[in-house]
Engineer: 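Okay, handing you the structure first.
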Amino acid sequence: MEYNFKEIEGRSSLYWENHEVYAVHNPQPGADTKPKCYILDMFPYPSGSGLHVGHPVGYIASDIYARYKRQRGYNVLHPMGFDAFGLPAEQYALEHGLHPANTTKQNIARYKEQLYQIGFCYDWNREVRTSDPQYYQWTQWIFLQLFNSWYDRKQDKTRPIAELEAILEAQGNAGYENEMPTIDAATWRSYSEKEKRAFLMEYRIAFSAYSEVWWCEALGTVLANDEVINGVSERGGHPVEKKKLKQWFLRITEYANRLLNDLDTLEWSDAMKEMQRNWIGKSKGALVTFNTEINKPIEVFTTRPDTIFGADFLVIAPEHPLVADLTTAAQQEAIDAYLKYTKSRSERDRLSQVKVVTGCFTGSYAIHPFTGAPLPIWIAEYVLMGYGTGAIMAVPAGDERDHAFATHFNIPITNIFGELYTGSEAYTQKNAILTNSSFLTGLTANEAILVAIDEIEKRGLGSPKTQFRLRNAGLSRQRYWGEPFPIIYKNDIAYTVYELEGQLDKEVLQLPVQLPYVERYAAGPGGASPLANIREWVEVGSNGTDTYLRETDTMPGYAGSSWYFLRYMDPHNNNAIASADAINYWQQVDLYVGGTEHAVGHLLYARMWTKALYDLGYLPFHEPFKKLLNQGMIQGSSRYVYRVKNTNTYVSFGLKDSYETTPLHVDVNIVNGLILDTNAFKASRPDYANAEFITEDGEYICGAEIEKMSKSMYNVVNPDAIVARYGADTFRMYEMFLGPVEASKPWDTNGIEGVFRFVKKFWRLFFNEEGIFYLSADQPTSDELKILHKTIKKLREDIERFAYNTCISQMMITVNELGALRCNKRTILEPLVAAISPFAPFMAEELWHLMGNEGSVTFAPYPEHDEQYLVESTKRYPIAINGKTKSEIELAIDISEDELKAMVTALPQMEQWLGGKALKKLIFVKGKMINIVA
RNA sequence: GCCCGGAUGGCGGAAUUGGUAGACGCGCCAGACUCAAAAUCUGGUAUCUUCACGGAUGUGCAGGUUCGAUUCCUGUUCCGGGCACCA
C-alpha cells in the first residue's frame, strides 16, 4: 500500500477524537498517580491573517516533548488558548465597522482549524480565551486582590490592605511608611473617609494616579508611545498632545528585588535573564541633598558619590517641582521657551536623540554640601522626572553626558582624576585615584564610594539608596476591547464592586463586570475610553446624595496573559481561578515555549502576578515558568523578478546584468525552487498579463533573498498548503529538521522533499513487494538490534536536550540502514513506531493499529535501549601524526597500551610518517584516538 | 554607546566532555529502470594539486595554550537580537 497521508491522517485524527485521547484529567488528591508535567506554549493573538509556517515551530517543539513525556509515563498538561483581547481587533473594528467579538471569534476558528490539522495533542476542553466573560471575571478578581493589597517591605511580602488599616488604626504607619510621610494613629483616625481612601491608595498594589497619555484629536483616540513619532501620530501624521488622565497602575517596583534575585532559580537562557536584569536595572548609589540660594533643598541620586568633589553644576528635569521657584526673573523668558520645547517632545525622542545637547540655566545656584561653592542649576531634557529624584549632580570630568553638557554651555570643569582626565573627554572608568577631592583624595572609586557615603550620612546630607530603572506598570487603556475594571466611583472615591454591596443592585456588583456591547468605538469625552459614551452602563445609580459611576478604562493585553497558565489547570471552575487541588497538583509550568519578543513585558508581569498571588496564599510557588525555551524565527526566502526599465519584459537572473532592471518581489508560491511559473505569474496580476520573458534555456530563473517572512515581501508560506501537499507528519518533521529550535533559519519549501522521502521509506518498511502489510516474526540479527538500540539511545538523549533536528537525522539513518538490510521484523519495527510517534503521530497511530495493537500509540511506553546490543569488540582508531589524522587501524576494544604501542610502532608506514625524526611520544586515548608525536 | 548571541561546503545544518571536521538532508553530477517523463533506486560531491596512488590547505580574521582546538584564552571584523542621555 502506498503511503497515503490524507487517508492516514484523517483516520488517526478521527481515532483521537472518538477516543478522547488528549483529554487530561486532574487526579483525586492523594491518589497514587503518574508524575505530572506541565508543558505550555505562549498562546497566540489570533490575527486576521492566520498562521504562517513560522508560527508552529514552537508548538511542534512542545508537542513533541509533551508526547514524549506521555510515553515516558507522565500525566502531561498541554493546553492551548487565545490571547483574544487587544488593539488590532479594535482597530479593525474602527475601520470596517465589524464588532471585535465577531472578528475575534472568526479568527480563532481559523487558527483552531490550522492547529487541528497539524496534530497537536492539546486538550481543547481546557481552551481559554481572555475575552470570554467566564475567563475575565477571574482577571477582574485578581485585580481586586491586588487592589486590596499592599507591600510590607519589612517582611518583603504582599499583605491584605485590611492588615495595614489595622496597623494604622493601632499605631499609625511608623515603620511602614513606604513612600508616605509618617503619621500617628490619632492622625489616621481623624481622617475623613475620602482622606483614608486616598492615603491607602498610595499603598495598594493596584492603584490609581494621574499620568499623561498621548491624545490625538484627528484620530479621536489615545495613542501608545510607539504610535507617536516625532510629535505626530504614526498613522496619518496628525498632531498629538499630552493629556493628564487618572489611570490604574501596578506597583511592580515593590517586587524589583525579588524579580531580580529569583532569576537565579530559573532555567532560562542567559540572554533572557540578562534582558530582564537590564529592564529591572538595579543600581546602588546615594541620595544627597544640595541646599539652594532660596533655601529649598534639591535631592539628587548618584551612583558615583565618590566624584562629589567634581560636581560643577546641578541639572534638574524640566518637570521638577522646584523649576518655577528657582527660575530668576532674568531667565524667565528663556526657561519658558525651553519648557515649551520639552513639552512637545515625547520621552522616546528625549531618550533617543543622544547627540543633541539642549538645556537652560535657571539663574539660581545650589551650594556644594562640602566645599560651599555655588553650583549653577540647569534644566535639561536628558534628566527624567521618572527616574531617581529627577535631579542630578553633574560631574563633567567623570560622566560623558555631563561632559558634553558642560562643554556645550562653557561651564568650567573641575578635574578630579589628575592626568587621567585629558580635558577632551570624561574619564568614566573606576580605576582612577582621586585627586583634588578633599578627604577622598588618594582613594580609588570603590574605596571612596564607601567613605563618601559614610561622610554624607554622618553630616546628615543624605543616605545610601538602591534605585531601579523599572517603573510601575500602567494598567489602564482608554480602549474598548479589554477587561472592564470592577471599580465603581462613589462620589469620586474608587471602590471595588464588593465594597458597595447593599448600596446598589446585586447585578451591578457581580463579577464579571461585563463589557457592554457598543456600536461605536470612538473615544469618550476628553480622551476617555469609548465606554464613557455609554451613559446607561456608566451611571449605575444615584440616591440623591451619592453618585455611582463605573470606571471606564479597560485593562491591557498583559492582564489576561499574566495568569492564564493557572486557568488551564481547572478551566471551568466557577468558584476560583482554579481549585487549590488543581494548583497543588499541576504546580509550576515545567516547560514554557515561546518567542523572545515577550522577554520583558509578558514574562515580567506574569512573574509579578505569581509572586503577589503566592504572598496572598493562593499559590504554592512563586515563579510561574521553571524552564523556558525560546524558539527562533523562521525567515522567509523571497524571490525576485527583474523588470527591464520602462517595459513589461522580465529578464532571468543570470542575464539581468546586461539590462537596466528593477527588482520586484514575486510571490514565492508561484516559484518552484528558483524557476518561475510564468503562466501563474501572468495570471497573478492584470498588469502582468502581457508580460514577456527573457529566459535562460527556456526557464525563467528568479533571484533569492532571505528576509523577514511578511505579506509585503510576498514570501509568506501557509502551512495549510504544505500539509495538503506533503501531510502533517512531514510538515512537523521538516520544521524541526531545519535546525535547532532556538535558532533563526530561513524556510525553503524545496528541502521538504528529503523529509517526505524519509516518511515514505519508513512506511514502506512495513509492506512487502505486493504492497501488503507484512511483518516477520523472525529473530532479529545482532546488526538489526544494534541499529534499533543505537537509535533509541540517540533519540532519548536528543529529545531531552530539544535537539529535534538530529533526532530526525538519526531516524533517516535508521531507515536507510534497515532498508538496506530489508528488515521487516516485528521486534525491530514495533519499538520504532513508538519511538517516532512524538514526531509523526498520524503515521505512528496508523501503523500501531495495523500491527494489531489496542489503544493509542500516544500511551505506548517509549522504548528503552539496552547497552548490551551496543557493545563493540573492535574499534577503528584514527592514527594522527602530530595531531593530523593520517590513517586508521582496527583494534580490539580491550587492547592494552603496551600491546598497542608495539603494534603501532611496528607498522610499515611508521618511517614515512616520522619523516626521519625520532618518535617522541605516543598518545593513546582509549576509545578515541592514537596520536604519534615526532 | 552598552549587554547578549552567532559566523563551519553551492544551501539548511552535524560534531553532546579538547580527540577521525563536514553526519543527515537539499542542490548538483553520473548511472539503473522507462518509448519518454515522473516516481524510485545506486554511486559521487569541502578546496587546491596529481593521470593515479597520494600530497597540501581548511570551521570569519590574527595570535596564544595543548601531543591534539569548530570546541579553551586574548585581540579583531562582520551579522543578528535586546537596551539606550537611567544619573
Side-chain angles (χ1 to χ4, degrees), chain A residues 2 269-279 281 283 285 300-304 307 315 348 350-358 380-384 386-395 398-402 404-405 467-471 596-597 599-600 630 632-633 635 637 673-674 704 706 734 737-740 742-755 757-758 760-761 764 794 797-798 800-801 803 805-813 816 819 876-888 920-925 927-934:
Chain A
E2 267 305 293
S269 71
D270 290 339
M272 197 57 93
K273 289 185 186 179
E274 199 57 28
M275 277 187 238
Q276 292 227 337
R277 283 189 197 108
N278 288 341
W279 191 260
S283 50
V300 306
F301 173 67
T302 177
T303 54
R304 294 290 303 272
T307 63
V315 186
R348 193 160 284 229
R350 284 172 61 172
L351 299 184
S352 59
Q353 290 170 17
V354 183
K355 295 281 157 355
V356 192
V357 178
T358 71
E381 62 177 337
Y382 81 85
V383 175
L384 303 172
Y387 186 79
T389 59
I392 62 161
M393 63 172 202
V395 182
D399 183 281
E400 280 169 33
R401 287 152 306 136
D402 297 345
F405 196 86
Q467 187 70 44
F468 293 94
R469 198 180 77 98
L470 185 71
R471 293 190 215 172
T596 46
E597 65 271 24
V600 277
N630 295 117
M633 251 195 345
Q635 294 142 321
S637 182
L674 292 174
I706 302 297
Y734 185 54
F737 185 64
L738 282 175
E742 299 97 321
S744 286
K745 56 247 162 183
W747 176 268
D748 175 16
T749 302
N750 259 335
I752 202 171
E753 294 285 350
V755 176
R757 265 175 222 145
F758 154 69
K760 286 188 283 189
K761 278 193 223 171
R764 229 177 283 133
K794 174 85 174 152
E797 283 170 2
D798 286 3
E800 296 284 1
R801 62 186 184 104
N805 53 333
T806 52
C807 288
I808 293 163
S809 297
Q810 179 56 51
M811 289 190 284
M812 287 173 167
I813 294 167
N816 288 342
R876 290 184 77 82
Y877 279 93
I879 302 178
I881 317 301
N882 295 327
K884 291 207 180 290
T885 309
K886 296 283 175 180
S887 184
E888 276 185 347
K920 256 191 217 148
K921 205 163 149 192
L922 197 142
I923 291 163
F924 173 56
V925 183
K928 296 278 188 189
M929 46 76 68
I930 298 158
N931 192 14
I932 296 161
V933 185

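Computed from a prediction, not measured in an experiment: that's the story for all the values here. Proteins get letters first, then strands, A, B, ... in listed order; numbering begins at 1 in each.
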Engineer: Mapping A:Val755 and A:Gly739 to their closest nucleotides on RNA chain B, which lands nearer the 5' end?
Structural biologist: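 First, find each residue's nearest nucleotide; the 5'-ward one identifies A:Gly739.
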Engineer: Heavy-atom nearest nucleotide on RNA chain B for A:Thr389 versus A:Val933: which residue maps closer to 5'?
Structural biologist: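 By nearest-heavy-atom nucleotide position, the 5'-most residue is A:Val933.
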Engineer: For atom C1', what is the distance between B:U20 and B:C29, given to the nearest Å?
Structural biologist: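 27 Å, rounded to whole Å.
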Engineer: Considering only side-chain heavy atoms of A:Pro740, which listed nucleotide, B:U16, B:A14, B:C3, is closest?
Structural biologist: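 Out of B:U16, B:A14, B:C3, the nucleotide with an atom closest to A:Pro740's side chain is B:A14.
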Engineer: Rounding to a whole Å, what distance do you find between A:Ile752:CD1 and B:C24:C1'?
Structural biologist: 16 Å
Engineer: Categorize A:Thr596 for me: base, sugar-phosphate, or nothing, with a 4.0 angstrom heavy-atom threshold over every strand shown.
Structural biologist: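 Result for A:Thr596 = nothing.
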Engineer: Closest to the A:Asn931 side chain: B:U16, B:G19, B:G12?
Structural biologist: B:G19
Engineer: Looking only at the side chains, is there a donor atom on one of A:Thr596 and A:Asn630 sitting less than 3.5 Å from an acceptor on the other?
Structural biologist: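 No - no donor-acceptor pair under 3.5 Å links their side chains.
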Engineer: Between B:G12, B:U40, B:C86, which one does the side chain of A:Lys745 approach most closely?
Structural biologist: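 Taking heavy atoms from C-beta onward, the closest nucleotide is B:G12.
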Engineer: For RNA chain B, what is the dot-bracket line, given that a base pair needs Watson-Crick (N1 to N3, plus N6-O4 or O6-N4) or G-U wobble (N1-O2 and O6-N3) geometry with both distances under 3.5 Å, and | means paired with another strand?
Structural biologist: (((((((..(((......[....)))((((((.......))))))((((....))))..(((((..]....))))))))))))....
Engineer: How would you label the contact of A:Asn805 with the nucleic acid (heavy atoms, under 4.0 Å): base, sugar-phosphate, or nothing?
Structural biologist: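 Since only primed, P, OP1 and OP2 atoms lie under 4.0 Å of A:Asn805, the category is sugar-phosphate.
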Engineer: Could you tell me how far apart A:Arg401 (CZ) and B:C2 (C1') are, to the nearest whole angstrom?
Structural biologist: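 In whole Å, B:C2 C1' and A:Arg401 CZ are 13 Å from each other.
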Engineer: Measuring only the C1' atom in each nucleotide, how far is B:U77 from B:G13? A whole number of Å is fine.
Structural biologist: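 Here B:U77 and B:G13 have their C1' atoms 24 Å from each other.
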Engineer: Can you measure A:Asp270 atom CG to B:C4 atom C1' for me and round it to whole angstrom units?
Structural biologist: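 Nearest whole value for this atom pair: 9 Å.
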Engineer: Using a cut-off of 4.0 Å on non-hydrogen atoms, how would the nucleic acid contact of A:Asn816 be classed: base, sugar-phosphate, or nothing?
Structural biologist: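 It contacts sugar-phosphate atoms only.
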Engineer: Can you check the A:Arg277 CZ to B:G5 P distance for me, whole Å?
Structural biologist: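 For the pair A:Arg277 CZ and B:G5 P, the rounded distance is 12 Å.
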Engineer: For A:Arg277 and A:Glu274, what are the C-alpha separation, side-chain angles and deciding distance, and is it a salt bridge (Lys or Arg N to Asp or Glu O under 4.0 Å)?
Structural biologist: CA-CA 5 Å; A:Arg277 283 189 197 108; A:Glu274 199 57 28; 3.0 Å; yes
Engineer: Do the two ring centres, one from A:Trp747 and one from A:Tyr734, sit under 6.0 Å apart?
Structural biologist: yes
Engineer: Select one nucleotide: of B:G25, B:A14, B:C67, the one nearest the side-chain heavy atoms of A:Lys921.
Structural biologist: B:C67
Engineer: Rounded to whole Å, how long is the line connecting atom CE of A:Met812 with atom C1' of B:C26?
Structural biologist: 10 Å
Engineer: Just wondering, do A:Pro740 and A:Asn805 contact through their side chains at under 4.5 Å, heavy atoms?
Structural biologist: yes
Engineer: At 4.0 Å (heavy atoms only), tell me whether A:Ser744 reaches a base, stays on the sugar-phosphate, or touches nothing.
Structural biologist: sugar-phosphate
Engineer: Find the distance A:Arg471:CZ to B:C86:C1' and express it as a whole number of Å.
Structural biologist: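 Interatomic distance, CZ of A:Arg471 to C1' of B:C86: 9 Å.
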Engineer: Is the distance between the ring centroids of A:Tyr382 and A:Phe405 under 6.0 Å?
Structural biologist: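 Between A:Phe405 and A:Tyr382, the centre distance is under 6.0 Å.
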Engineer: Any luck finding a side-chain donor-acceptor pair between A:Thr358 and A:Glu381 under 3.5 Å?
Structural biologist: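 Yes.
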Engineer: Determine: side-chain N/O of A:Lys760 to OP1/OP2 of B:U40, distance under 4.0 Å, yes or no.
Structural biologist: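 For B:U40, OP1 or OP2 has a side-chain N or O of A:Lys760 closer than 4.0 Å.
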Engineer: Of all the choices, B:C3, B:G68, B:C24, which nucleotide is nearest to the side chain of A:Asn278 once you look at every atom?
Structural biologist: B:C3
Engineer: Between B:C41, B:A87, B:C4, which one does the side chain of A:Ala271 approach most closely?
Structural biologist: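 Nearest to the side chain of A:Ala271 among the choices is B:C4.
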Engineer: A:Asn750 CG to B:G10 C1': how many Å, rounded?
Structural biologist: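 Distance, rounded to whole Å: 14 Å.
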Engineer: Which listed nucleotide (B:G19, B:U40, B:C24) is nearest to the side chain of A:Lys928?
Structural biologist: B:G19
Engineer: Would you say A:Arg876 places a side-chain N or O within less than 4.0 Å of OP1 or OP2 belonging to B:U20?
Structural biologist: no
Engineer: In chain order, what residues pass the side chain to side chain contact (heavy atoms under 4.5 Å, CB included) check against A:Lys760, with sequence neighbours excluded?
Structural biologist: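 A:Lys760: side chain to side chain contact (heavy atoms under 4.5 Å, CB included) contacts with A:Tyr3, A:Phe756, A:Arg764.
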Engineer: Look at all strands and tell whether A:Leu738 reaches a base, only sugar-phosphate, or nothing, counting heavy atoms closer than 4.0 Å.
Structural biologist: sugar-phosphate
Engineer: Quote, to the nearest angstrom, the C1' distance that separates B:G58 from B:G22.
Structural biologist: 11 Å
Engineer: So does A:Thr806 get a side-chain nitrogen or oxygen closer than 4.0 Å to the phosphate oxygens (OP1/OP2) of B:C24?
Structural biologist: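 Negative; the distance criterion is not met.
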Engineer: Please check if any side-chain donor atom of A:Lys761 sits under 3.5 Å from a side-chain acceptor atom of A:Asn816, or the reverse.
Structural biologist: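 Short answer, yes.
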Engineer: Work out how far the C1' atom of B:U66 is from that of B:G5, and round it to whole angstrom.
Structural biologist: 28 Å
Engineer: Between A:Arg469 and B:A84, does any side-chain N or O lie under 4.0 Å from OP1 or OP2?
Structural biologist: yes
Engineer: Heavy-atom distance under 4.5 Å between the side chains of A:Val933 and A:Asn882, does that happen here?
Structural biologist: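 Result yes, sub-4.5 Å side-chain heavy-atom pair found.
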Engineer: Examine distances only and state if a side-chain atom of A:Lys273 and a backbone atom of A:Ala271 form a donor-acceptor pair shorter than 3.5 Å.
Structural biologist: no
Engineer: Using the side-chain heavy atoms of A:Pro878, tell me which of these nucleotides is nearest: B:G19, B:U20, B:A87.
Structural biologist: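 Among the listed nucleotides, the one closest to the side chain of A:Pro878 is B:U20.
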Engineer: Hey, is the side chain of A:Arg757 poking within less than 4.0 Å of OP1 or OP2 on B:A39, counting only N and O atoms?
Structural biologist: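 For A:Arg757, the contact criterion (side-chain N or O under 4.0 Å from OP1 or OP2 of B:A39) is not met.
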Engineer: OP1 or OP2 of B:A21 less than 4.0 angstrom from a side-chain nitrogen or oxygen of A:Thr885, does that happen here?
Structural biologist: yes
Engineer: Select base, sugar-phosphate, or nothing to describe what A:Lys794 touches, counting heavy atoms under 4.0 Å on all strands.
Structural biologist: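 It contacts base atoms.
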Engineer: Which nucleotide wins on minimum distance to the side chain of A:Val383, given the candidates B:A87, B:G27, B:C24?
Structural biologist: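 Nearest nucleotide to the side chain: B:A87.
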Engineer: Using atom C1' in both nucleotides, what's the gap between B:U59 and B:A14 to the nearest angstrom?
Structural biologist: 12 Å
Engineer: Atom OH of A:Tyr382 and atom P of B:A84: how far apart are they, to the nearest Å?
Structural biologist: 19 Å
